[in-house]
Amino acid sequence: MFTYQIIILIVSLVAIGLGIKRYHEDNMSLIYFVAWIFIWILIILFSIFPGISSSIAAIFGFGRGLDTLYIFSTILLFYIVFKLYNKIDDQNKRINDLVSELAIYHEKKEEDE
């Protein structure tokens with residue numbers, strides 16, 4: 001086993017441990033927990049058996065396995081950024097609605113006095 005494989009294995013196990021800790025502390029939903037564990041298990045598999053990425057690259061027509069991992073990682077990151085943007089946008093709308101309701105409430109309260 002190469003040094004990079006040992007490092008990736010250790011980092012992955014620590015990440016899985018942190019995910020389990022966050023899930024048990026109710027800081028992570030079940031769907032995100034399962035996705036987190038799945039991604040780190042894939043990383044462990046790709047580091048221990050690098051030939052898997054080459055096989056996947058051949059299926060999709062990419063030259064090297066590492067190229068495939070970069071492309072899929074980039075797609076996943078764009079998806080995550082898109083989801084975060086949508087959550088932030090929804091949160092901004094909810095904050096604006098709340099501020100408007102509070103302003104109307106305080107205005108009516110002042111008129112009643």
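Please read all numbers here as calculations on a predicted model, not as lab measurements.
Atoms CD1 and OG, from Ile59 and Ser54 in turn, are 11.0 Å apart once rounded to the nearest 0.5 Å. To the nearest 0.5 Å, atoms CD (Glu111) and NZ (Lys108) are separated by 8.5 Å. Note that CD1 of Ile44 is 11.0 Å distant from CD1 of Ile10, once rounded to the nearest 0.5 Å. The distance from the CD1 atom of Ile80 to the CD1 atom of Ile75 is 12.5 Å, given to the nearest 0.5 Å. To the nearest 0.5 Å, atoms OG (Ser47) and CG (Leu42) are separated by 11.0 Å. Taking OH of Tyr32 as the reference point, atom CG of Asn27 lies at 14.0 Å (rounded to 0.5 Å).
Within the structure, every pair that satisfies the ring pair (Phe, Tyr, Trp, His ring centres under 6.0 Å) test and touches residues 37-63, not counting sequence neighbours, is listed here: Trp36-Trp40, Phe60-Phe72.
More than 12 non-hydrogen atoms from other residues, nucleotides or ligands lie less than 6.0 angstrom from OH of Tyr4. The number of heavy atoms from other shown groups lying within 6.0 Å of CG (Leu84) is above 12.
For the pair Ile88 and Gln91, the minimum side-chain heavy-atom distance is 4.5 Å or more. For the pair Tyr23/Ile37, no side-chain contact is recorded, criterion being any heavy-atom separation below 4.5 Å from C-beta on. Side-chain contact between Ile39 and Leu76 is present, with at least one heavy-atom pair separated by less than 4.5 Å. Residues Ile56 and Leu69 form no side-chain contact, since every pair of their non-hydrogen atoms from C-beta on lies 4.5 Å or further apart. With contacts defined as side-chain heavy-atom distances shorter than 4.5 Å, the pair Ile8/Ile43 qualifies.
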Discussion item. Walk me through whether Asp67 and Arg64 qualify under salt bridge (charged side-chain N to carboxylate O under 4.0 Å, His left out).
Written reply: CA-CA 5 Å; Asp67 294 343; Arg64 298 177 304 178; 2.9 Å; yes
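Taking hydrophobic clusters as Ile, Leu, Val, Met, Phe, Trp and Tyr residues chained together by side-chain heavy-atom distances below 4.5 Å, Val34 shares a cluster with Ile31. Linking ILVMFWY side-chain heavy atoms closer than 4.5 Å, directly or via other members, places Ile71 and Val81 in two distinct hydrophobic clusters. Following chains of ILVMFWY side-chain contacts shorter than 4.5 Å, one cannot reach Leu77 starting from Val11, and the two form parts of different hydrophobic clusters.
Here Asp90 does not pair with Lys87 in a salt bridge; the nearest charged N to carboxylate O distance is not below 4.0 Å. A salt bridge links Asp89 to Lys93: one of the charged nitrogens lies within less than 4.0 Å of a carboxylate oxygen.
Shown here for Thr68 and Ser53, the closest heavy-atom pair between the two residues is OG1-O, 4.3 Å. The heavy-atom pair separating Ile52 from Leu45 by the smallest distance is CD1-O, 4.0 Å.
Side-chain N or O atoms of Arg22 include none that pairs as donor or acceptor with a backbone N or O of Met28 at under 3.5 Å. In this structure, Gln5 contributes its side chain and Phe2 its backbone to a donor-acceptor pair below 3.5 Å.
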